[in-house]
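All values reported here derive from a predicted model rather than from experimental measurement. Letters A, B, ... mirror the listed sequences (proteins, then strands); counts begin at 1.
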Number of protein chains: 2
Amino acid sequence: METKARKVLIADDEPDILEILKYNLSNEGYEVITAKDGDEALEKARRTLPDLVVLDVMMPKKTGVEVCQLLRAQPAFKETLIIFLTAVNDEGTQIKGLETGADDYVSKPVSPKVFLSRVNALFRRLNKTEARILTIENMTIDPERFIVKVGENEIVLAKKEFELLYLLALKPGRVFLRNEILNQVWGNDVIVGDRTIDVHIRKIRQKLGVDCITTVKGVGYKFEL
Amino acid sequence: METKARKVLIADDEPDILEILKYNLSNEGYEVITAKDGDEALEKARRTLPDLVVLDVMMPKKTGVEVCQLLRAQPAFKETLIIFLTAVNDEGTQIKGLETGADDYVSKPVSPKVFLSRVNALFRRLNKTEARILTIENMTIDPERFIVKVGENEIVLAKKEFELLYLLALKPGRVFLRNEILNQVWGNDVIVGDRTIDVHIRKIRQKLGVDCITTVKGVGYKFEL
DNA sequence: ACCGATATTAAGTTATCATTAAGTCTGTGT
DNA sequence: ACACAGACTTAATGATAACTTAATATCGGT
């Protein structure tokens with residue numbers, strides 16, 4: 001059930017690193033494009049539209065951060081995954097990287113094992129968000145328009161509400177732990193209180209008017225019509 | 001409470017770092033043991049058998065790398081997760097660290113947020129094999145859905161009830177001592193009276209309506225259809 | 001029949017969730 | 001720049017299910 005190969009663009013000025021990462025990614029079935037500086041990275045990114053861009057922070061011509069910002073400014077790269085490679089142990093830089101819109105960063109020297117697992121993790125996360133319309137009995141959940149149809153009623157949910165419902169509905173019956181929900185809907189590093197989830201659950205139940213979310217006390221929530 | 005708290009051993013010679021990491025891990029429900037040098041780390045690791053060992057690379061007595069190698073040499077620590085903390089930008093050290101068998105490394109200065117998300121990620125990866133659906137004759141115990149099916153009836157158990165039944169059903173026929181049950185379901189450090197187990201057993205028997213738990217007087221309980 | 005151990009029941013305690021309201025943040029239109 | 005609206009988060013309170021305990025009954029082996 002292999003879909004088409006994921007395209008990965010790697011930009012780094014050290015040929016050795018390019019080689020190592022290219023070798024490992026190829027072995028995993030990725031299609032790899034390489035660039036040796038910021039300008040080349042930008043140009044190749046625009047031309048090949050990769051699924052993932054790996055950027056060394058310190059590069060000639062343009063730094064990884066600059067490239068990232070320029071890419072993110074274009075609609076075509078809004079959803080593209082971006083990973084920074086950084087030798088800088090400075091936390092400030094790392095955080096700034098993430099704020100610029102990177103999805104992860106890996107510190108140098110790079111361990112191929114760690115790098116691969118990060119890449120795989122990112123794509124895994126992406127797959128889950130893949131927009132497809134869910135239909136469970138008389139309920140339709142449409143991620144394109146943030147709309148839920150129950151029978152003939154069209155109900156509009158807010159973003160977080162929708163993402164939460166969508167997550168649960170992806171696997172009806174399966175219990176999602178509060179931590180899983182936080183990770184998937186809010187992100188690994190965002191810290192919000194537990195009660196926040198409850199409030200969103202409540203709004204969903206209220207708006208839908210149908211009892212489709214079951215509480216499993218001490219564990220989490222599950223979708224169940 | 002979790003099925004069983006994950007034990008984490010942190011070894012670092014800087015008391016501040018120990019405190020910060022301990023605080024954050026405890027908040028996430030981990031059980032934390034600390035050590036201030038390599039020898040102490042080794043000794044406590046052997047005694048407490050943690051699920052995860054966090055090792056500062058630069059420590060008195062023995063370095064983190066040495067501790068890691070010594071641990072990995074023992075069968076008991078083949079599967080234990082190991083993370084290195086390193087302030088060293090030295091490439092050689094880090095690479096050697098990973099070759100020694102560390103699962104990840106985090107560079108200092110440590111951001112608690114980043115550190116936590118790495119730890120959680122490691123355990124998440126490890127957990128993939130844990131939740132499996134048990135089927136014994138016409139009974140199905142599904143931890144993912146938190147449901148027990150007997151024939152066509154779906155029975156909802158409370159958290160402790162479910163965990164208790166799941167534990168027994170993992171090894172049908174095997175007798176679990178009351179102490180084992182307490183450790184697995186309630187955790188090593190929680191103190192509850194013996195009667196508590198009886199009450200939960202009773203609720204399970206009552207809810208299932210099937211006689212699947214046998215009392216072994218003076219010893220414990222076992223699952224048996 | 002007696003004793004130690006478990007079963008049962010009911011009542012007490014706690015943890016967790018639901019609900020509400022108020023506060024913060026963000027973006028939009030004037 | 002301003003204010004307004006909607007989305008999101010937090011905090012406080014109340015409700016309830018889950019859990020624990022304790023008191024009493026029952027069972028099984030000697």
Side-chain angles (χ1 to χ4, degrees), chain A residues 99 145-148 155-168 175-187 189-224, chain B residues 1-3 5 27 29 146-148 155-168 175-187 189-224:
Chain A
E99 278 168 4
R145 294 180 297 158
F146 277 36
I147 278 178
V148 180
I155 297 150
V156 181
L157 296 183
K159 184 151 170 274
K160 286 261 150 57
E161 290 159 17
F162 187 88
E163 287 173 356
L164 177 43
L165 176 66
Y166 190 77
L167 173 67
L168 298 186
V175 180
F176 287 81
L177 312 181
R178 297 181 103 84
N179 264 333
E180 289 183 273
I181 295 175
L182 283 179
N183 282 337
Q184 295 291 328
V185 178
W186 274 264
D189 28 15
V190 181
I191 299 170
V192 291
D194 259 14
R195 294 280 77 56
T196 301
I197 296 180
D198 305 17
V199 175
H200 283 272
I201 292 277
R202 164 158 167 70
K203 297 212 89 173
I204 295 170
R205 284 172 171 157
Q206 193 174 294
K207 283 189 180 177
L208 294 191
V210 185
D211 184 24
C212 63
I213 297 178
T214 308
T215 304
V216 182
K217 243 187 150 163
V219 186
Y221 294 94
K222 66 178 167 181
F223 184 94
E224 209 167 41
Chain B
M1 209 221 194
E2 285 298 320
T3 308
N27 270 354
F146 225 83
I147 272 179
V148 180
I155 295 151
V156 179
L157 297 183
K159 191 170 168 228
K160 287 256 153 58
E161 291 158 18
F162 188 89
E163 288 174 355
L164 177 42
L165 176 65
Y166 190 77
L167 173 67
L168 298 185
V175 181
F176 286 82
L177 311 180
R178 297 180 99 85
N179 262 333
E180 285 183 275
I181 295 174
L182 283 178
N183 282 337
Q184 295 293 322
V185 178
W186 274 263
D189 33 10
V190 182
I191 301 168
V192 291
D194 259 15
R195 293 293 123 260
T196 301
I197 295 180
D198 304 17
V199 174
H200 282 273
I201 293 277
R202 164 160 166 68
K203 297 213 89 172
I204 295 170
R205 284 172 170 156
Q206 192 175 294
K207 283 189 180 177
L208 294 191
V210 185
D211 184 26
C212 62
I213 297 178
T214 307
T215 305
V216 182
K217 238 186 145 164
V219 188
Y221 295 94
K222 67 177 168 179
F223 184 94
E224 208 168 42

Partner of B/H200 under ring pair (Phe, Tyr, Trp, His ring centres under 6.0 Å), chosen from B/F162, B/W186, B/Y221: B/W186
d(CG, B/D194; C1', C/dT8) in whole Å: 16 Å
Presence of A/W186 side-chain N/O under 4.0 Å of D/dC8 phosphate oxygens OP1/OP2: no
Interatomic distance, B/L157 CG vs D/dA17 C1' [rounded to whole Å]: 14 Å
Nearest-Å distance for atom pair CZ/C1', residues A/R195 and C/dT16: 7 Å
Touch class at under 4.0 angstrom, heavy-atom based, for B/Y221 against every strand present: sugar-phosphate
Between P of C/dT16 and CG of A/N179, the distance in whole Å: 13 Å
A/T215 side chain near C/dT16 phosphate (N/O to OP1/OP2, under 4.0 Å): no
Sub-4.5 Å side-chain heavy-atom contact between A/V185 and A/Y166: no
Heavy-atom donor-acceptor pair, B/K217 side-chain to D/dC27 base, under 3.5 Å: yes
Proximity to the side chain of A/R178 - top-ranked nucleotide from C/dC17, D/dC19, D/dA23: C/dC17
Exceeds 12 heavy-atom contacts within 6.0 angstrom, atom NZ of A/K207: yes
Ion pair A/R205/A/D198, N-O distance below 4.0 Å: no
A/I155 side chain reached by A/I147 side chain, heavy atoms, under 4.5 Å: no
Exercise: identify the closest heavy-atom pair between B/E161 and B/I204: O-CD1, 3.4 Å
For DNA chain C, the residues among residues 196-209 of chain A that have a non-hydrogen atom under 4.0 Å from it: A/D198, A/V199, A/R202, A/R205
Separation of D/dG6 C1' from A/K160 NZ (nearest whole Å): 14 Å
Distance in angstrom units between A/L164 CG and D/dA7 P, rounded: 15 Å
Where A/I197 and A/I181 come nearest, the two heavy atoms and their spacing: CD1-CG2, 4.1 Å
